[in-house]
Amino acid sequence: MFHKQTPADTGHSIRTCSFQGICGYLAREVTKKLIAGKAIENQGRAKVTERVHAALLDELTLEDRINDEVRVILEAYSEEMNKSGANYQEMFRRVKTNW
């Protein structure tokens, strides 16, 4: 049976924490510049910052979510892959490429 990776194996929790900090900083800076440049109306800096932060975090964690989906797909076919001698890393790459 293939080894199922956990969040600790993939660095999810570490990456998510890093992304939270980076996204928080970027969201504050982007919001400041957008308001200063009058690119958006200032309807509450905190609210705008929160929305920018959520958008940045969503984009940066997209790769992790795709990887999780690919793992679920491969897990469903793990028995067949073992019987045929398929290489997990190669199948992972192929599934992800065709995502």
Side-chain angles (χ1 to χ4, degrees):
M1 174 87 55
F2 290 108
H3 170 70
K4 183 178 177 189
Q5 291 183 320
T6 64
D9 294 333
T10 61
H12 271 255
S13 56
I14 293 168
R15 244 183 292 177
T16 301
C17 288
S18 295
F19 288 161
Q20 286 281 355
I22 292 167
C23 287
Y25 171 76
L26 289 173
R28 288 187 301 276
E29 292 301 309
V30 166
T31 301
K32 275 193 252 180
K33 290 184 188 259
L34 288 172
I35 292 171
K38 298 186 189 315
I40 60 172
E41 291 181 24
N42 185 0
Q43 297 181 355
R45 186 177 294 236
K47 191 174 209 173
V48 174
T49 301
E50 183 181 317
R51 293 174 91 182
V52 171
H53 181 268
L56 289 169
L57 189 60
D58 187 53
E59 191 63 33
L60 289 173
T61 58
L62 178 61
E63 181 86 14
D64 289 336
R65 293 192 311 272
I66 292 171
N67 288 344
D68 290 343
E69 295 277 338
V70 171
R71 281 187 202 94
V72 168
I73 292 167
L74 291 179
E75 188 176 310
Y77 291 96
S78 66
E79 192 173 315
E80 291 175 46
M81 290 171 57
N82 280 331
K83 286 180 184 175
S84 68
N87 179 286
Y88 182 86
Q89 286 78 18
E90 177 64 21
M91 292 305 295
F92 187 93
R93 186 189 62 74
R94 286 183 180 191
V95 171
K96 190 172 176 181
T97 300
N98 291 315
W99 189 257

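Counting begins at 1 with the first residue of the sequence.
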Worksheet item: Does Arg65 pair with Asp68 as a salt bridge, N-O distance under 4.0 Å?
Response: no
Worksheet item: Which value, rounded to the nearest 0.5 Å, describes the distance between Thr61 atom OG1 and Asn67 atom CG?
Response: 11.5 Å
Practice prompt. Nearest 0.5 Å please: distance from the CG atom of Leu57 over to the CG atom of Leu26.
Written response: 11.0 Å
Worksheet item: If every non-hydrogen atom of Arg71 is compared with every non-hydrogen atom of Tyr88, which pair is closest and at what distance?
Response: CG-OH, 3.5 Å
Worksheet item: Any salt bridge between Glu63 and Lys96, counting N to O under 4.0 Å?
Response: yes
Practice prompt. Using a 4.5 Å cut-off on heavy atoms from C-beta on, say whether the side chain of Met91 contacts that of Tyr77.
Written response: no
Fill in: Atom pair CD/CG of Gln20 and Leu60 - distance to nearest 0.5 Å
10.5 Å
Worksheet item: Hey, what do you get for CD (Glu80) to CG (Leu74), rounding to the nearest 0.5 Å?
Response: 11.5 Å
Item to complete: Go through Tyr25 and His53 one step at a time and tell me if the side-chain contact (heavy atoms from CB on, under 4.5 Å) criterion holds.
Response: CA-CA 9 Å; Tyr25 171 76; His53 181 268; over 6 Å; no
Item to complete: Please name all residues satisfying salt bridge (Lys or Arg N to Asp or Glu O under 4.0 Å) with Glu59, sequence neighbours left out, ordered by chain then number.
Response: none
Item to complete: Report the C-alpha separation of Arg94 and Glu90 in whole Å, then their side-chain angles, then the decisive distance to 0.1 Å, and conclude whether the salt bridge (charged side-chain N to carboxylate O under 4.0 Å, His left out) test is met.
Response: CA-CA 6 Å; Arg94 286 183 180 191; Glu90 177 64 21; 2.9 Å; yes
Worksheet item: Among the clusters formed by ILVMFWY side chains lying less than 4.5 Å apart, do Leu62 and Phe92 turn up in the same one?
Response: yes
Worksheet item: Are the side chain of Arg28 and the backbone of Gly24 linked by a donor-acceptor contact shorter than 3.5 Å?
Response: yes
Worksheet entry | Residue pairs, two or more places apart or on separate chains, that pass salt bridge (charged side-chain N to carboxylate O under 4.0 Å, His left out) and touch residues 31-47 | Glu29-Lys32
